[in-house]
Amino acid sequence: MRQTSGVRGDLRLRPVRLAGWWFDLLLLAAVVALTVALASGHLFGLDRAVADWSDENRPAAARWVAMTLNLLGQGTPLTLLAAGLGVLLAWRLRSVRPLLPPVAGFVLTFFTIGPLKVWTARPAPSASVKEPFLSPEQTLPLFQHDLPVRFAQSYPSGHVANAIVWYGVLALLLAPLVRTLGRTVPPRLVTVVRVVPPAVVFCTTVYLGWHWLTDSVAGLLLGLLLDRLLHRVPWNSLPLPARLHGWARPAEHLD
């Protein structure tokens, strides 16, 4: 069947900050370099020092606060929230295009973060104090495929990567949704939505000992890369099936 977008739009990729593909390549190179360094046994001292400091400076009250704040990075609720906003905006604008960013975000995260976790097979810092009760030295290396998968999925941090991707999607949908209510979203608020929750998740994940510092750094790098890819897409110009008719119309301010 012939495909059409309903509008002959501009299919060129959208600009992002920092402009150019050089920064995307830099992020990818940094993830590769960090993985190679860890696979070679480097940076373990840094990871251990940060984890030990966190263990020694985690009173009960601070732990509960950190656990509560860390909920900002739960992938499933964020996915459902983004999907819900996409459905609401699609209904208000009579266009399926607001559904495209949440779907793309799910596909990107599903086929990158999870497989990388399984492939690198690294235990979390807490693996020495609960199942599988490894020695502290055994919790650091990558590629421990002899362990059950559920005990070796620490690298990269899915909490951090998911937070960056999904809050980026939420920010993308927020402006057009608010405009349907006759209001506008201040650019600073969009920046806060995109920056503050991932930063909180990064800090709390490391502080709670749920991930090594380098796990969260890798999640940060990977999340930024995926976020940039999503924001390059010209959502209003993508070709859609002709049978959607008017529902393929552009969604105002989505790009």
Side-chain angles (χ1 to χ4, degrees), residues 54 58 61-93 96-118 124-126 130 149-178 180-181 185 189-212 215-231 233 235 251 254:
S54 298
R58 194 189 302 130
R63 178 175 178 270
W64 281 106
V65 170
M67 290 177 63
T68 301
L69 292 174
N70 193 260
L71 295 175
L72 291 171
Q74 292 294 319
T76 299
L78 287 174
T79 303
L80 294 175
L81 178 59
L85 286 182
V87 169
L88 177 60
L89 185 57
W91 179 255
R92 292 185 67 87
L93 296 178
V96 299
R97 293 187 182 274
L99 300 175
L100 301 180
V103 170
F106 175 79
V107 171
L108 273 181
T109 54
F110 184 83
F111 286 103
T112 54
I113 300 172
L116 277 174
K117 284 177 169 290
V118 174
S126 57
K130 62 182 183 181
V149 173
R150 69 183 185 277
F151 296 137
Q153 296 189 55
S154 189
Y155 182 91
S157 169
H159 278 70
V160 176
N162 275 314
I164 293 173
V165 170
W166 287 116
Y167 283 103
V169 171
L170 291 173
L172 184 66
L173 298 174
L174 184 61
L177 179 61
V178 172
T180 65
L181 303 174
V185 178
L189 178 58
V190 174
T191 301
V192 168
V193 170
R194 296 190 63 181
V195 173
V196 173
V200 170
V201 171
F202 182 102
C203 295
T204 55
T205 298
V206 175
Y207 179 66
L208 289 166
W210 293 350
H211 282 285
W212 301 104
D215 297 341
S216 290
V217 171
L220 173 66
L221 297 170
L222 179 60
L224 287 174
L225 177 59
L226 298 180
D227 176 75
R228 287 171 63 83
L229 293 177
L230 286 170
H231 280 79
V233 178
W235 302 108
L254 184 58

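Only this structure's heavy atoms are used, side chains among them; waters, hydrogens and symmetry mates stay out. Fair warning: this is a prediction, and the values are worked out from it, not measured in the lab.
- Taking both residues in full, the closest heavy atoms of G73 and N162 are given as O-CB, 4.5 Å, listed atom of the first, atom of the second, then distance.
- Smallest separation of non-hydrogen atoms from P156 and G219: CB-N, 3.7 Å.
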Step-by-step side chain to side chain contact (heavy atoms under 4.5 Å, CB included) determination, I113 to L222: CA-CA 8 Å; I113 300 172; L222 179 60; 4.0 Å; yes

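- Between atom CG of residue L173 and atom CG of residue L99 there is a gap of 9.0 Å, rounded to the nearest 0.5 Å.
- For the atom pair OG1 (T204) and CZ (R63), the distance works out to 12.5 Å, reported to the nearest 0.5 Å.
- Remark: L88 engages R92, L177 in a side chain to side chain contact (heavy atoms under 4.5 Å, CB included) (not counting sequence neighbours).
- Across all their heavy atoms, S216 and H211 have their closest contact at OG-CB, 4.0 Å.
- Take L221 and apply the side chain to side chain contact (heavy atoms under 4.5 Å, CB included) test, not counting sequence neighbours, and it matches L27, A30, V31, V217.
- Taking L170 as the reference, L78, L81, A82, L85, Y167 meet the side chain to side chain contact (heavy atoms under 4.5 Å, CB included) condition, with sequence neighbours excluded.
- L230 is linked by a side chain to side chain contact (heavy atoms under 4.5 Å, CB included) to A104, L108, V165, V169, W235, counting only residues two or more places apart in sequence or in another chain.
- Separation of atoms CH2 (W64) and CG (L69) is listed at 13.0 Å; rounding is to 0.5 Å.
- In terms of heavy atoms, L89 sits closest to P176 at CD2-CG, 3.6 Å.
- Judged by distance alone, the side chain of T205 and the main-chain N or O of F202 form no donor-acceptor pair under 3.5 Å.
- Inter-residue side-chain proximity for K117 and S154 is flagged as unmet; no heavy-atom pair is nearer than 4.5 Å.
- Checked against ring pair (Phe, Tyr, Trp, His ring centres under 6.0 Å), F151 has no partners two or more places apart in sequence or in another chain.
- Screening residues 222-231 for salt bridge (Lys or Arg N to Asp or Glu O under 4.0 Å) gives D24-R228, R194-D227 as the qualifying pairs, with residues at least two apart or on separate chains.
- Taking all atoms of both residues into account, the shortest heavy-atom contact from N70 to H159 is OD1-CD2, 3.2 Å.
- Note that CH2 of W210 and OG of S54 are 12.5 Å apart. Values are rounded to the nearest 0.5 Å.
- For W166 against F106, the heavy-atom pair with the smallest separation is CH2-N, 3.4 Å.
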